[in-house]
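Ligands are counted one by one from 1 in listed order, and the atoms in each one are counted from 1 as well.
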Amino acid sequence: MSWTLKAEGLAKGFTLHLQGGVEIPVLRDAALEVSPGECVALSGPSGAGKSTLMRLLQGNYGADAGRILLRRPDGSVADLAGASPREVIALRRDTIGHVSQFLRVIPRVPAVDIVSEPLVARGIPREEARVHASALLHRLNLPERLHALPPATFSGGEQQRVNLARGFVADFPLMLLDEPTASLDAANREVVIALIGEVKARGAALVGIFHDAEVRDRVADRVLDVAPLQEAA
Ligand SMILES: Nc1ncnc2c1ncn2[C@@H]1O[C@H](COP(=O)(O)OP(=O)(O)OP(=O)(O)O)[C@@H](O)[C@H]1O
Ligand SMILES: [Mg+2]
């Protein structure tokens with residue numbers, strides 16, 4: 001159950017092909033270590049590269065350099081930075097849960113099925129997965145009548161709660177949270193703080209971006225500063 005995440009020497013830049021190949025360096029020699037039961041908050045000014053680091057840890061972007069080491073409970077280690085697409089898919093199904101800042105709406109799929117999907121992907125029967133999904137949507141105060149509707153027309157806060165339920169529905173040993181409380185009211189913010197506490201208590205490792213300082217102070221054990229790179233002279 002206890003996984004450890006250790007990233008080192010990470011570099012990432014973007015090449016803007018439509019702008020004559022302009023290079024934008026974002027991260028250089030970034031490092032991070034998270035232990036089971038710990039929540040590390042990424043902090044730093046807008047544009048510093050927090051979400052970029054998060055996407056690297058998710059296996060969403062390839063790194064230009066560095067390693068992202070996931071140590072399994074049996075002591076073996078996977079390097080996400082050098083993993084094949086097939087390995088990345090398996091790690092994202094079983095190991096790395098994430099809550100993005102915005103829900104990626106899938107046309108015509110009801111909220112309860114979007115939330116069930118991580119459980120179904122792990123082989124849990126759909127009806128059983130729906131029971132878990134619905135319970136979590138209730139806990140996040142999403143009205144019952146919305147559970148069977150596709151979230152395309154939901155409000156920002158309703159969509160974010162569907163997104164949160166999807167991220168928290170399975171017992172991932174690593175969780176990545178990008179602004180999980182950004183569009184929530186105070187009552188639902190408390191639910192998310194409680195959910196994060198439960199995930200820590202069961203020994204999962206978390207990395208989060210929390211612009212809300214109160215939320216950050218209550219959930220984070222440590223803050224990691226992501227500093228903007230200096231402009232090349
Ligand atoms: N896909 C991309 N292509 C080109 N540039 C990108 C891409 N993604 C991010 N960037 C650039 O990388 C830099 C870091 O972006 P990132 O989204 O990681 O910042 P952030 O620290 O999360 O900021 P915020 O607090 O505003 O969310 C920015 O200058 C951004 O313009
Ligand atoms: Mg960001």
S.K.: Going through the distances and angles, do M175 and H98 end up as a side-chain contact (heavy atoms from CB on, under 4.5 Å)?
M.R.: CA-CA 5 Å; M175 296 259 319; H98 82 280; over 6 Å; no
S.K.: Taking Q19 for the side chain and L16 for the main chain, is one N or O donor matched with an acceptor at less than 3.5 Å?
M.R.: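 Judged by distance alone, no pair lies under 3.5 Å.
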S.K.: Is the backbone of V40 close enough, under 3.5 Å, to the side chain of R222 for a donor and an acceptor to pair up by distance?
M.R.: no
S.K.: What are the two closest non-hydrogen atoms of V88 and G59, and how far apart are they?
M.R.: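 Shortest heavy-atom contact: CG1-O, 3.8 Å.
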S.K.: Would a 4.5 Å heavy-atom cut-off, applied to side chains only, mark L206 and V199 as touching?
M.R.: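 Yes, side chains in contact.
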S.K.: Short of 2.8 Å from the Mg ion (ligand 2), name each protein N/O/S atom, waters not counted.
M.R.: S51 OG
S.K.: For D178 and V99, indicate whether the former's side chain and the latter's backbone hold a donor-acceptor pair under 3.5 Å.
M.R.: no
S.K.: Can you confirm if the NZ or CZ of R189 lies within 45° of the ring axis of F210 and under 6.0 Å from the centre of its six-membered ring?
M.R.: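 No, R189 and F210 do not form such a contact.
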S.K.: Check whether Q160 reaches the backbone of P180 with its side chain - one donor and one acceptor, N or O, closer than 3.5 Å.
M.R.: yes
S.K.: Can you work out which protein residues put a heavy atom within less than 4.0 Å of ligand 1?
M.R.: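 Residues near ligand 1: F14, L16, V26, P45, S46, G47, A48, G49, K50, S51, T52, Y61, H211.
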S.K.: side-chain contact (heavy atoms from CB on, under 4.5 Å) between R161 and N188: does it pass, once the steps are laid out?
M.R.: CA-CA 8 Å; R161 281 178 282 153; N188 284 307; 3.6 Å; yes
